[in-house]
Amino acid sequence: MGRQSEGLNKHTHPNDEERCFSIIFKGRKRNLDLMACSNDEAKQWVNGLNKIINNLRNLSRQQKSEHWIINCMRKADKNADNKMTLKELKHFLRQINVECDDTYAEDIFKKCDKSNSGTLEGAEIEHFYDLLTHREEIDVIYGNYAHTEGQMSANDLLDFLLNEQREQATMNDALKLIEKHEIDETAKQKKHMTKDGFLMYLHTEDGSILNPAHKRVYQDMSQPLNHYYISSSHNTYLMEDQLRGPSSTEAYIKALMKSCRCVELDCWDGANGEPVIYHGYTLTSKVLFRDVIKAVKEYAFKTSDYPVILSLENHCSVEQQKLMAHHMVAILGDALVTKPLGNTVPASFPSPEELKGKFIIKGKRMNKLEAAFTNNNTVEEDTVSEEDEAADCTENGQKTKSKKSKMKLAKELSDLVVYCKSVHFSGFEHAKDNQAFYEMSSFKESKAFNLADTSANAFMHHNMDKLSRIYPAGSRTDSSNYNPVPMWNVGCQIVALNFQTPHKEMHINQGRFLPNGFCGYILKPEFQRSLSSQFNPNTPTEGPWGKKKVFHVMIISAQQLPKINKDKHNSIVDPLVRVEIHGVPADNASKETHYINNNGFNPMWNESFQFSIHVPELTMVRFVVEDYDATSQNDLVGQYCLPLTSIHNGYRHVPLLTKRGDVICSAGLFVHLMVLDAA
């Protein structure tokens, strides 16, 4: 609502606030800014759109599936007469990603055309739909447990939950599931579950791969801040590449709505005395610092209540630094942490719980935190060393700027830095002896990976009482990303990625932060927090982390995979599924099924894989569906990633996400999973 977007802010009058609203699209589409003729008309539009969005969000997987199929039927019904000719039926099958030869199509058609009218209508279309969506694999599973008058009694369902789903279920749980998912009233009264009710159950979160208990915040949020992995973005202002792409407040909104909890602000002197944000030494466009702070304030806590870190890379003159401090204090108000919590000098970080709804500034500070508790703190400005990420960007091998230059720091800005004071890293021993807990370093990926390879245990111990931030190399001008997993393996918290680049690394990041209410904070395993820990991810010997597991996966089938090449009318996918394990080096693995020719609607594989897992608490599992191509690289159809520890055993549906991380409404995988203790 209101004039919140850049466009409306720039081109409309403040008096028009209540007539304006913006629609923010997922993916790369720009905002759609709209202005109604009156305040009431704007309200009607907004209420209507909100209603549609809420209805969409609340559809069950079964409803989404039906919604999609009916939509495809409408498209195929060229003359809109609510009847289907054989030609329209073939067109419909192509729409839903099924290549079927003429004989098969004619066969189905004849079976359903009971009236011999040459078209399908009414109940005939319903019969055709039932034939089409028949799930053979569900018949088999249901048949194994439906021992009561051809249906599942509550007792049969309990057997299924205990034996197949490996859930600690009771009779009460079975009855609740029948009450919740059974659609046949007669069966419900008998406390039975029909095959349709069973399919409904498998399609909801009760039958999903993600443990429902992990969908909400379930971890202890009262540990010190540095005991968590924190979802973090690099050069958050960029929408595309690092050299000439647009900078925008929209990029901050998109990152924050994905529960990103650490955003970066690259600040430079702007025109008219107003600081701006852009990627220094490049042609990326500029956005006002003030506008970014407003957008951050508006969107920071819409998907998570936990604290947001504003990571400042400051290149401004003292005057404009004072204005930066003024804007943050004025706009963020009480939500900005300007002094330590409590009345004494702290010895460790507060917790995410204590910092709910708060903003923390990361940047340079001219003195120790103790100064916040004394009155003789009168220096107006001071010189500090400038660590400049932009200078990592090399041009023809030449550094564009000398690295360790000095810069002047305004007291007003310095005083806002409380728990995240940026300091240069001079080795783990030096940090241990000389740095306070709130003094943190940023590591370029090459430096960080080198330390993770050569001093993994020391790096992990460093992260037990301090924060570490990792950022992509300046040479990644295309905004590509490094693999975040090795950084989490040594306990780094702020592993900053280019959120605008939707590749495997971002999929893994999205998976890492999927559980715990998608709140942007994940509690690190105990062995990364315990001072006596000898854990080394590169050589995971025996220890509390070594709860070895065997992960059994059976890829059974997929449903309603989207067409990849929409331009090619007849292009049907040839799907294969790959299961990837990302964790400590000893656990990294990948296995894939064979591909199936010309069937994206209901392909079946029934292929089993087995993985040995040494450190389950650091293991991510990624499912990838690709369209096989013999002559070129396979195309991504959909993917889903989650921690091994959040997987629900048994027969489960796996939702599929697009490359950009949005749910593909009707599509999914059907799998059987077992995480068992290794013998």
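In this chain, residues are counted from 1 in sequence order.
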>> Checking Leu310 against Ile360 for the side chain to side chain contact (heavy atoms under 4.5 Å, CB included) test, could you report, in this order, the C-alpha distance in whole Å, the side-chain angles of both residues, the deciding distance, and whether it holds?
In response: CA-CA 6 Å; Leu310 304 181; Ile360 302 164; over 6 Å; no
>> Among Phe459, Tyr471, Tyr482, exactly one meets ring-ring contact (aromatic ring centres under 6.0 Å, His included) together with Phe443. Which residue is that?
In response: Phe459
>> If we count only N and O atoms by modelled type, under 3.5 Å, do the side chains of Gln559 and Ser557 hold a donor and an acceptor together?
In response: yes
> Do Val337 and Phe359 pass the side chain to side chain contact (heavy atoms under 4.5 Å, CB included) test, and can you show the C-alpha distance, the side-chain angles, and the key distance before you say yes or no?
Replying inline: CA-CA 6 Å; Val337 174; Phe359 293 97; over 6 Å; no
>> One pair to check against side chain to side chain contact (heavy atoms under 4.5 Å, CB included): Gln219 and Ile522. What are the steps and the verdict?
In response: CA-CA 8 Å; Gln219 294 183 324; Ile522 294 285; 4.0 Å; yes
> Side-chain donor-acceptor pair under 3.5 Å between Tyr145 and Glu164, yes or no?
Replying inline: yes
>> Less than 3.5 Å apart, any donor N or O on the side chain of Arg622 or His582 sitting next to an acceptor on the other?
In response: no
>> Any salt bridge linking Glu580 with Lys591? Criterion: basic side-chain nitrogen under 4.0 Å from a carboxylate oxygen.
In response: no
> Just checking, any donor-acceptor pair under 3.5 angstrom between side chains of Asn481 and Thr501?
Replying inline: no
> With under 30° as parallel and over 60° as perpendicular, where do the rings of His653 and His203 fit, or are they tilted in between?
Replying inline: parallel
> Closest approach of Val579 and Ile555, non-hydrogen atoms and distance?
Replying inline: CG2-CD1, 3.9 Å
> Within 45° of the six-membered ring axis of Phe670 and under 6.0 Å from that ring's centre, is NZ or CZ of Arg135 located there?
Replying inline: yes
> So, the side chain of Lys548 versus the backbone of Ile613: is there a donor-acceptor pair under 3.5 Å, distance only?
Replying inline: no
> Any chance the side chains of Ser153 and Asn155 put a donor and an acceptor closer than 3.5 Å?
Replying inline: no
>> In this structure, is the centre-to-centre distance between the rings of Tyr142 and Phe198 below 6.0 Å?
In response: yes
>> One thing to verify: whether Asp206 and Lys180 come together as a salt bridge, which I'm taking to mean a side-chain N less than 4.0 angstrom from a carboxylate O.
In response: yes
> Are side-chain N/O atoms of Glu353 and Tyr306 paired as donor and acceptor at under 3.5 Å?
Replying inline: yes
>> Test your reading of the model: is there a side-chain donor-acceptor pair from Tyr419 to the backbone of Leu225, 3.5 Å cut-off?
In response: no
>> Could you check whether any side-chain N or O of His461 sits under 3.5 Å from a backbone N or O of Ser533, counting only pairs where one atom can act as donor and the other as acceptor?
In response: yes
>> Set out, in order, the CA-CA distance, both residues' side-chain angles and the distance that settles side chain to side chain contact (heavy atoms under 4.5 Å, CB included) for Thr249 and Tyr237, then state yes or no.
In response: CA-CA 7 Å; Thr249 56; Tyr237 46 90; over 6 Å; no
> Mind checking whether Phe527 and Phe535 have parallel, tilted or perpendicular rings, split at 30° and 60°?
Replying inline: tilted
> Between Gln165 (side chain) and Arg652 (backbone), is there a donor-acceptor pair under 3.5 Å?
Replying inline: no
> Looking at Tyr299, does the NZ or CZ of Lys302 lie under 6.0 angstrom from its six-membered ring centre and within 45 degrees of the ring axis?
Replying inline: yes
>> Tyr438 vs Phe349, test: ring-ring contact (aromatic ring centres under 6.0 Å, His included). Steps then yes/no.
In response: CA-CA 7 Å; Tyr438 57 82; Phe349 287 99; 8.3 Å; no
>> Tell me if a side-chain donor or acceptor on Asn226 pairs with a main-chain N or O of Met464 at a distance below 3.5 Å.
In response: yes
> Between Glu182 (side chain) and Thr194 (backbone), is there a donor-acceptor pair under 3.5 Å?
Replying inline: yes
>> Between Arg469 and Glu264 (salt bridge meaning N to carboxylate O under 4.0 Å), is one present in this structure?
In response: yes
>> Between Ser231 and Ser259, is there a side-chain donor-acceptor contact under 3.5 Å, judged purely by atom types and distance?
In response: no
>> Any donor-acceptor pair under 3.5 Å linking the side-chain atoms of Ser351 with those of Glu354?
In response: yes
> Distance only, no hydrogens: is a donor on one side chain within 3.5 Å (strictly under) of an acceptor on the other, for Ser5 and Glu250?
Replying inline: no
> Between Val417 and Gly363, what is the shortest heavy-atom contact and its length?
Replying inline: CG1-O, 3.5 Å
>> Does this structure show an ion pair linking Asp677 with Lys547, if we count only N-O contacts that are shorter than 4.0 Å?
In response: no
